[in-house]
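Note sheet for the following structure.
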Amino acid sequence: MTAPSWVVARYSERPELWDRIPADFAGVVPEYNLHGDIADDYWDRLFAEFPEYQFLLYDEAADTVLGTGRSLPRGWDGSAEGLGPGLDDSIAAAFRDRDAGTEPTALCALGVEVSPAHQGRGLSKVLLRELTGLARTAGLATVVVPVRPTHKDRYPLVPIERYARWTRADGTPFDPWVRTQVGVGGVLAHGVPRSSRITGTVAEWESWTGLAFPEDGDYVFPAGLAPVRIDRERDLGTYWEPGVWVTHDARGR
């Protein structure tokens with residue numbers, strides 16, 4: 001059997017490969033999810049200040065990007081409470097720690113994505129293992145992941161705290177992405193209702209979702225993990241995406 005011609009390329013090594021991501025990874029996350037409030041403040045800094053923590057799984061023989069991993073080093077005291085509210089808080093905390101010169105203790109995964117053309121090959125597990133290896137190389141004991149649960153959109157009205165505890169008949173986590181993480185050694189911590197905030201005008205939310213929002217209120221929408229709140233007088237749609245914390249021990253793996 002021929003060995004895969006995959007390599008891991010960090011942004012600091014092959015920045016030009018990231019130019020392919022918008023086209024090659026279109027549809028991996030829904031449109032609304034590309035407009036998080038936190039990205040406006042930190043996205044450019046992520047690649048400028050932490051290039052060694054952003055990586056691609058690249059097939060050299062096929063000249064194809066298979067998957068991506070984005071991450072940031074942050075502080076974590078090891079407690080469930082210390083994980084914090086989720087994705088947005090972790091990003092802000094990582095930059096505060098860097099600006100203050102505080103040494104990080106964990107690696108926080110911001111996104112683990114596989115190209116639509118290469119899904120179903122077990123590559124998400126490869127990317128997760130690369131994250132633990134990246135953490136270990138950096139001297140960080142743990143990878144913490146504010147997971148975006150992939151089947152939560154089917155149950156948008158169920159509180160994430162309950163959803164996170166759902167299991168299948170065999171006792172494994174109900175959600176496929178959480179289950180994959182646990183399957184490679186992750187430990188499920190708990191669900192958080194306000195992991196990432198996305199706001200936009202009513203017109204923007206109608207464009208992102210393909211729905212009309214004729215009056216004020218909370219709306220369930222396609223691919224949404226929770227309802228979006230529409231305020232027409234303020235011309236504002238506000239959505240808090242929930243998440244599920246999973247932790248991975250990076251030592252000795």
Side-chain angles (χ1 to χ4, degrees), residues 1-31 33-34 46-47 50-73 87 106-138 140 142-154 168 170 172-188 196 223 225 241 243-250 252-253:
M1 176 182 251
T2 304
S5 55
W6 305 340
V7 297
V8 173
R10 301 189 186 187
Y11 181 80
S12 54
E13 300 165 336
R14 298 290 305 274
E16 76 282 357
L17 291 176
W18 290 79
D19 293 338
R20 306 183 187 184
I21 299 303
D24 291 354
F25 285 69
V28 171
V29 296
E31 177 64 28
N33 216 248
L34 302 176
L46 176 68
F47 290 89
F50 295 99
E52 68 275 22
Y53 292 102
Q54 324 312 321
F55 64 90
L56 299 170
L57 186 62
Y58 175 61
D59 187 330
E60 290 184 308
D63 187 26
T64 301
V65 177
L66 306 173
T68 71
R70 301 178 181 88
S71 60
L72 281 174
L87 178 66
L107 186 66
C108 181
L110 309 182
V112 177
E113 299 170 357
V114 176
S115 165
H118 300 282
Q119 292 179 2
R121 300 171 59 186
L123 297 181
S124 60
K125 295 179 181 179
V126 177
L127 293 167
L128 288 170
R129 292 187 180 110
E130 178 59 29
L131 278 170
T132 59
L134 183 60
R136 186 169 59 252
T137 300
L140 305 173
T142 313
V143 175
V144 297
V145 189
V147 175
R148 182 181 187 273
T150 52
H151 279 187
K152 180 64 173 68
D153 63 333
R154 304 179 183 190
R168 302 192 305 173
D170 61 2
T172 58
F174 174 83
D175 187 82
W177 188 209
V178 175
R179 187 165 63 249
T180 295
Q181 303 243 359
V182 171
V184 295
V187 176
L188 192 156
S196 183
L225 310 193
E241 182 145 283
V244 178
W245 276 115
V246 176
T247 66
H248 297 259
D249 188 345
R253 294 184 57 192

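Reckoned from all heavy atoms, side chains included, excluding hydrogens, waters and symmetry mates.
- Taking CG from L72 and CG from L110, the interatomic distance works out to 4.5 Å, rounded to the nearest 0.5 Å.
- Nearest heavy-atom pair, L131 versus V143, reported as atom, atom and distance to 0.1 Å: O-CG2, 3.7 Å.
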Mind listing the side-chain donor-acceptor pairs of residues 118-126 below 3.5 Å, one per line with the distance, residues two or more places apart or on another chain?
unit_1	atom_1	unit_2	atom_2	d
H118	ND1	R121	NH1	2.8
Q119	NE2	V114	O	3.0

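- Rounding to the nearest 0.5 angstrom, the gap separating the NZ atom in K152 from the CZ atom in F174 is 11.0 Å.
- In this structure, L17 CG and L57 CG are separated by 11.5 Å, a value rounded to the nearest 0.5 Å.
- Between Q181 and H248, the shortest heavy-atom contact is OE1-NE2, 2.8 Å.
- Taking OG of S196 as the start and CG of L225 as the end, the distance is 10.5 Å to the nearest 0.5 Å.
- Considering only residues two or more places apart in sequence or on other chains, A138 meets the side-chain contact (heavy atoms from CB on, under 4.5 Å) condition with Y53, L140.
- Here the closest heavy-atom approach between residue D170 and residue T172 is recorded as OD1-OG1, 2.6 Å.
- Between Y58 and the options D63, T64, T68, a side chain to side chain donor-acceptor pair (under 3.5 Å) holds for only D63.
- The shortest heavy-atom contact between E130 and F55 is CG-CE1, 3.5 Å.
- A heavy-atom distance below 4.5 Å is not found between the side chains of R20 and L56.
- Side-chain contact between W177 and V112 is present, with at least one heavy-atom pair separated by less than 4.5 Å.
- Between F47 and R70 there is a side-chain heavy-atom pair separated by less than 4.5 Å.
- A distance-only check finds no donor-acceptor pair linking the side chain of E113 to the backbone of G67 [under 3.5 Å].
- Here the OG1 atom belonging to T142 is positioned 6.0 Å from the CG atom belonging to D249, to the nearest 0.5 angstrom.
- Rounding to the nearest 0.5 Å gives a distance of 7.0 Å between CG of D153 and CZ of R148.
- For the pair S115/V65, no side-chain contact is recorded, criterion being any heavy-atom separation below 4.5 Å from C-beta on.
- Partners of R179 under the salt bridge (Lys or Arg N to Asp or Glu O under 4.0 Å) rule, at least two apart in sequence or in another chain, do not exist in this structure.
- Nearest heavy atoms, V246 versus V178: CG2-CG1, 4.4 Å.
- Residues G243 and P149 come closest through the heavy atom pair CA-CD, 4.2 Å.
- Between L134 and V8, the closest side-chain pair of non-hydrogen atoms is not below 4.5 Å.
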